[in-house]
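Worksheet: one structure, shown below.
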Amino acid sequence: MKLVTGVIQPHRLDDVKSSLEAAGIRGMTVSEASGYGRQKGHTEVYRGAEYTVDLVPKVRIEVLVSDEDAPTVVEAVVKAAQTGRIGDGKVWTTSLDDVVRVRTGEHGDAAL
Amino acid sequence: MKLVTGVIQPHRLDDVKSSLEAAGIRGMTVSEASGYGRQKGHTEVYRGAEYTVDLVPKVRIEVLVSDEDAPTVVEAVVKAAQTGRIGDGKVWTTSLDDVVRVRTGEHGDAAL
Amino acid sequence: MKLVTGVIQPHRLDDVKSSLEAAGIRGMTVSEASGYGRQKGHTEVYRGAEYTVDLVPKVRIEVLVSDEDAPTVVEAVVKAAQTGRIGDGKVWTTSLDDVVRVRTGEHGDAAL
Amino acid sequence: MELDTGATAWMLMSASLVLLMTPGLALFYGGMVRGKSVLNMMMMSFGALAVTAVVYVLWGWSMSYGADVGGILGNPFDQFALSGAIYDGAGEFLVDDYGVPAIVGIGFQATFAIITVALISGAIADRVKFGTWMVFAAVWVTLAYFPMAHMVWGGGLLSGDGPFASIAAPIDFAGGTVVHINAGAAALVLALVVGKRKGFGTEPMRPHNLPLVMLGAALLWFGWFGFNGGSAFTADGFAGLAWVNTTVATAAAVLGWLLVEKLRDGSATSLGAASGVVAGLVAITPAAGSVSPFGSIFLGAIAGVLCAFAVGLKYRLGFDDSLDVVGVHLVAGLWGTVAIGFFATETGLFYGGGVSQLAVQAIIAAVAVAFSAVVTYVIAVALKATMGWRVSEETEVAGIDLAVHSETAYETIQQGSVAKEIRA
Amino acid sequence: MELDTGATAWMLMSASLVLLMTPGLALFYGGMVRGKSVLNMMMMSFGALAVTAVVYVLWGWSMSYGADVGGILGNPFDQFALSGAIYDGAGEFLVDDYGVPAIVGIGFQATFAIITVALISGAIADRVKFGTWMVFAAVWVTLAYFPMAHMVWGGGLLSGDGPFASIAAPIDFAGGTVVHINAGAAALVLALVVGKRKGFGTEPMRPHNLPLVMLGAALLWFGWFGFNGGSAFTADGFAGLAWVNTTVATAAAVLGWLLVEKLRDGSATSLGAASGVVAGLVAITPAAGSVSPFGSIFLGAIAGVLCAFAVGLKYRLGFDDSLDVVGVHLVAGLWGTVAIGFFATETGLFYGGGVSQLAVQAIIAAVAVAFSAVVTYVIAVALKATMGWRVSEETEVAGIDLAVHSETAYETIQQGSVAKEIRA
Amino acid sequence: MELDTGATAWMLMSASLVLLMTPGLALFYGGMVRGKSVLNMMMMSFGALAVTAVVYVLWGWSMSYGADVGGILGNPFDQFALSGAIYDGAGEFLVDDYGVPAIVGIGFQATFAIITVALISGAIADRVKFGTWMVFAAVWVTLAYFPMAHMVWGGGLLSGDGPFASIAAPIDFAGGTVVHINAGAAALVLALVVGKRKGFGTEPMRPHNLPLVMLGAALLWFGWFGFNGGSAFTADGFAGLAWVNTTVATAAAVLGWLLVEKLRDGSATSLGAASGVVAGLVAITPAAGSVSPFGSIFLGAIAGVLCAFAVGLKYRLGFDDSLDVVGVHLVAGLWGTVAIGFFATETGLFYGGGVSQLAVQAIIAAVAVAFSAVVTYVIAVALKATMGWRVSEETEVAGIDLAVHSETAYETIQQGSVAKEIRA
Ligand SMILES: Nc1ncnc2c1ncn2[C@@H]1O[C@H](COP(=O)(O)OP(=O)(O)O)[C@@H](O)[C@H]1O
Ligand SMILES: Nc1ncnc2c1ncn2[C@@H]1O[C@H](COP(=O)(O)OP(=O)(O)O)[C@@H](O)[C@H]1O
Ligand SMILES: Nc1ncnc2c1ncn2[C@@H]1O[C@H](COP(=O)(O)OP(=O)(O)O)[C@@H](O)[C@H]1O
């Protein structure tokens, strides 16, 4: 099994979700994150004091998939998240030793 | 070393913590997450406009363990987090190249 | 490619960022987390009822790096995050199957 | 009586101030519950406000101040829908003995009924059906509040015209019995009938937003100037005395509460300060017109100390009075009512007035507790058997805001990014 | 006339209360937008307040109550910068017929102009340039508000001295036409001229902080006691009647709105309660002095029901009146103005008064809509062609607070830990 | 003097409004600090309120308005605990020259002492021991505030009875010297004695909740109507003039501040608007009764511009006046006090009044600064040597709320799920 992790623009989340559904993937875990990279941050001003904020809001998604689905899922996420502008984020794949579904205790692909 | 990651129901966190302690594990990292899966979300209504929210609050826990402890830890987490209802979440295991304890710079199992 | 993950004290984040920049690494993803470990939590009191909170605020950073850069990055993070006090956190390294840059679709080291 | 625009201005303002107390309470209570039930908590105040205002105009005024029925209540049909209560025969506005139009007094009194009902809701936070609460509000204000107001202020049994007045004229300046003992006793009974929240005493249920609690306490204090100051019924020295007593007793109660916390728990907390505010305000309420500013310092400080200890009782006795309506309103209401027997500058024990004032104060306090408890119990049990009080356990765990009101209080990034359709 | 300190006290207080309504509105609106545009939303209210207060002193008072020009407006130069409006020839404070110094009345009237401008901003949330808004505020209040105030209250065309008074004296107690229809019609036009937000109707745009919305509604209600109560111009029975009517109509509107929600959507919401508050307050505004408390219950309840349905129209008709200024203020303002024709106890249809009051109310409502719409359209289009209304699409997506005000409303851990330099 | 219910109504209301300012300040300041120290910040206001109210009743009134001692202070034992200050010999309420009971005036004056102490706390946010602050509050109000109030308002050295009155009668309508210069100078001294926060000038310390700041500013504005309007001591034309001047000067100050920001920083901010509100309110405070609304526009606008620049000074000069008490209250307080010399319609330079008013205003401002600075320095240094001011560096980093008050302001999911035991 693989874990596909993506760090993407927050406003692409809905499209990524639809795209995964279209690919037959019906589960994922989402969390908030902040990114730092080529995309520049912004400046805030409070009573004349300027603050440079170089972290940009991102969303992290994690999708557990079987080995064979992994490339499809990566493809689906990348496609749906792409806007072509700097800051679109990264997607990476990790191999897992095992996955368990908590509710049933099932292991491996059955747990997905 | 292994990393055991669990995405669980927020209200099971306390039990998972106790269960890990019982298993002799005295460290973990916790973060907020939202899940999307079989468990259906909910509907909100604002001035007659209906919003379908299909993300459900979850908690993500990460536990660094030695190779031999990994199965025990997975077991402990799954047991404590299980309610038997849809949405109980997933637990997965990844192999790590190395772990360092920041305070001391120790590597490997000594860092846990 | 490797993923270097660190769970560190929130107030060390700025130094870690500088340290990574010094090491030529210009990207990372940051998220909020809470830690549980040797460092003890704190007690809160509301109308005489005492609450023991044993989770401590932490920051999680994730850095994608090429295999050769990984040790440097681990070193950079550990050094910058170290205060020598209990609770400084952990850094771990995972091997990745692949990384994609969403904007361009580039794979592997080119995506970093 | 001629119109006195000054008295009228003050009573209009006082009514406005007391009306503001109910939303202030909504914030005070709302900040104290968990983030998943703040809206429901606030809705209990807003709902009580809406129901009670309408009911008050229809039969509340009449039941409080209409033609007496057995010393217990006014005839609801006497001035139903305010007929005969606003204008005199010539179609002119009726004016009271202070030169204030009767309609202004009606508005002022309505606000007291409203806040009293809303106060009770803190005892049963996070767990009751909104519909049951709304029905309770209408029934309770009718059967418990209006009679009590009649008995104490409308010339009934607990007033200067009642049987106990032979001992000494009972004093309840602004509502120690009618409002705070009444609400506090009802809260206790309701907490018992409704039962504990899932996880009470074992799971953490800390306030989710303390600045909101402090804001609520501030608005309560501000509004209380109308509550106590307006209970002089005109803008005069008594109103001024009530104003100063209210301020200094409240300040002293804050100091008292914080001192207990510092000594007992090691830290003076902001929740303690906010709670001390309310404890002091409650305690000075019945006494504001009959004690001195110097006496108020002691009366208030003792209230703060007493309540700081009293809020712990629920854990020991095992009833889930979620936001300490009993520990604050009942306890401080009883203390303030009885303290008049000690501190009243004309009739109090400490001022050489003997024990008769003390005795009569204890009697009216006891009658008020008993009356409120019995009436509340009957209503609560009847509703339990019919509509039911509790939402499901799942709803409690997941959060009552979502299940009952289809809302969540605060937007987070995730929630905001997954709506599927908008319909209207 | 002699100074009446009581009347003056009430008018000073009323002015203060109405001034508070604008920050109250800022919270009400601010809580309803997304977290990334709350500051901009609040700034539209604070900005309108700042601009209008200055303009009012300079020429607003004079254009409202100065020497009549064709029944449409007062001469702006007549009492420019309040010259001649404060003191009499002997240098004493001018005092009005109620014994209130003219300068107090000026302050009171200024607060009405301020809140009216601020109300409009809800229709164009999240997407307009702050500079354009500030210019709009100054121009709109000058060309739309001051004339309307003059026509209705300053002895102009829509007043008891105007042509329609031959049918029946038009009634607008506290600003159904001048404030709410005026702002509501302007909001509709502006929403159309400015255009929809990116994602309107498809992306979720839920309120980011509902307790803030409820707090705002509470402050609006509290302030409205000055708005309606102060419109009696003294502290008397009419002020008291307005006070009680305001309370009970608002309470009934909350019940009406919640009932619609419960039946239609399955849940009574806190946003519904807060919205019902405003709907009731708006509807009773023109009628508060001429209906009975009993009648107010119906007037208010119907307002709640009407508006609960009206807020859905924008989705069907496809205009982005973001925070429902049209659905609440225009609809309830029209209803309240017309309802007088039914409910006025002296001249209303239901009280045997025939249809003439109803007719004249419909006429002044219609004229008000038409006047406001036309004037607003001209101003809005002129600004569109010159300064432009919209911020860029990127700004809308990223959040207008950051792009336009260089601020974010709430600190999060990440933001707090990455500042690079501080300069001053 | 006969009781004047109208004057009394206004003074009761004014006292209530000024009391509300202190919680308003708690929100204003609380929103401006980081999320980890908001409760401590708010507690400094609530604590100052509690301590000062009690002290005021005990010896504060007497030291301000009791029998004069050398033109510097009133005798604290003269009317200790208000003895002889409330009733006349016949046991009737004493009534002042405006027909207001003395006890009402006592309440009103107490609120000024309270807010003055609370204002100072903004200079030393996030880093001081709560106990030391509480002791400072009691001592400072006794040694710095009461004497200053006596000197300016109680017939002392800086009053119309003092030595400088031979040049011209000094004007301080509502507290430019007693309140704002006093608090501002104390803030400067305290910031220097207490020292900088860890990370001042290098780490980001941005406001954690700007809507809270704006709400606080709104409540301050609202309360200020009592502060300035009530300083007419009755409801008359002067009160009305003060009301209008307060509103228009504040509006102009907002515009002034925002203009500076727009031109200098590129963006008009909501924090700027909220700060402009306070700058304008402070500046008009001493002048509200002696300038015209037209003059107030300029006075206010200049205040906004001045303060917008002044808040940057601390970075350049290197003192950590955390929330700009100096940059806003001292600067605007000085400006407002001196501006009277230019803008007073009867004696100001711009109105042909010559320079004597200007001279005397400059003198009283200078004396106030010097007096406050010296007294504050002595108290601050004494406390430093005894109780100590600073919490530990770890506490500052981890957050003072947790360490000092055992609370955190906002619940997050993690915190809520890990309690181990509940005890009471
Ligand atoms: N080396 C990295 N490790 C982890 N996350 C990264 C790394 N580089 C970029 N990211 C994440 O990807 C996001 C986008 O990266 P950025 O360099 O801004 O644009 P792009 O990927 O389009 O070149 C960042 O905000 C960050 O969250
Ligand atoms: N394929 C997946 N990848 C990542 N996380 C998943 C996946 N499927 C489910 N999850 C996580 O597990 C949670 C529970 O899954 P769900 O399908 O609702 O119930 P169950 O696991 O009991 O069948 C989800 O809310 C989500 O956080
Ligand atoms: N076994 C573990 N698995 C995952 N995270 C851990 C583990 N042990 C510690 N951590 C993380 O590291 C942080 C610091 O650990 P702690 O034991 O308090 O101090 P130290 O690492 O200095 O010995 C914890 O707060 C937690 O976030």
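These numbers were taken from a predicted model, which means no experiment stands behind them. A note on names: the letters A, B, ... follow the listed sequences, proteins ahead of strands, and every chain is numbered from 1.
- Ranked by heavy-atom pairs shorter than 4.5 Å toward chain F, the options D/F222, D/W221, D/F294 are led by D/F222.
- The part of D/I297 that comes within reach of chain F is its side chain, from C-beta onward, which places non-hydrogen atoms under 4.5 angstrom from that chain.
- Proximity to chain D is absent for every atom of F/M11, based on heavy atoms less than 4.5 angstrom apart.
- Using a 4.5 Å cut-off between heavy atoms, F/T111 contacts chain D through its side chain alone, with no backbone atom that close.
- The choice from D/T269, D/L212, D/D4, D/V277 that makes the most heavy-atom pairs within less than 4.5 Å of chain F is D/T269.
- With a 4.5 Å cut-off on non-hydrogen atoms, D/F238 touches chain F through its backbone and its side chain both.
- For F/L49, the parts lying under 4.5 angstrom from a heavy atom of chain D are both the backbone and the side chain.
- Comparing F/A15, F/A53, F/A81, F/G216 by heavy-atom pairs within less than 4.5 Å of chain D, the highest count is held by F/A15.
- If you measure heavy-atom distances from F/Y56 to chain D, you find no contacts under 4.5 Å at all.
- Side chain to side chain, F/S392 and F/T395 meet the donor-acceptor criterion of an N or O pair below 3.5 Å.
- More than 12 heavy atoms of other residues, nucleotides or ligands lie within 6.0 Å of NZ in F/K129, so this atom counts as buried by the packing criterion.
- Options D/A249, D/G276, D/S270, D/G240 differ in how many heavy-atom pairs under 4.5 Å they form with chain F, and the most are formed by D/S270.
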Hey, mind stepping through F/T8 and D/W10 against side chain to side chain donor-acceptor pair (under 3.5 Å) and telling me if it holds?
-> CA-CA 8 Å; F/T8 305; D/W10 177 235; over 6 Å; no

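- Counting heavy-atom pairs closer than 4.5 Å to chain D, the top residue among F/V57, F/L219, F/N40, F/V51 is F/V57.
- In this structure a side-chain-to-backbone donor-acceptor pair under 3.5 Å is missing from F/S121 to F/V117.
- With a 4.5 angstrom heavy-atom cutoff, D/M13 touches chain F only via side-chain atoms.
- Heavy-atom distances place both the backbone and the side chain of D/L271 under 4.5 Å from chain F.
- Contact count versus chain F (heavy atoms, under 4.5 Å) is highest, among D/G31, D/P211, D/A9, for D/P211.
- Aromatic pair D/H208/F/Y410: centroids not less than 6.0 angstrom apart.
- For D/W224, no part lies near chain F; criterion is any non-hydrogen pair under 4.5 Å.
- Between F/F108 and F/V18, some side-chain heavy-atom pair lies under the 4.5 Å cut-off.
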Start with the C-alpha gap between F/Q109 and F/Y65, add the side-chain angles, then the distance that decides, and say whether side chain to side chain donor-acceptor pair (under 3.5 Å) holds.
-> CA-CA 10 Å; F/Q109 294 299 338; F/Y65 297 96; 3.2 Å; yes

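- Contacts of D/T234 with chain F are made by side-chain atoms alone, with heavy-atom separations under 4.5 Å and no backbone atom involved.
- Salt bridge D/K36/D/D401: absent, no basic N to carboxylate O contact under 4.0 Å.
- Ion pairing between a basic and an acidic side chain is recognised when a charged N comes within 4.0 Å of a carboxylate O; F/D126 and F/R34 show such pairing.
- Within 6.0 Å of CZ on F/F77 lie no more than 12 heavy atoms contributed by other residues, nucleotides or ligands.
- With a threshold of 4.5 angstrom between heavy atoms, D/N209 approaches chain F through its backbone and through its side chain.
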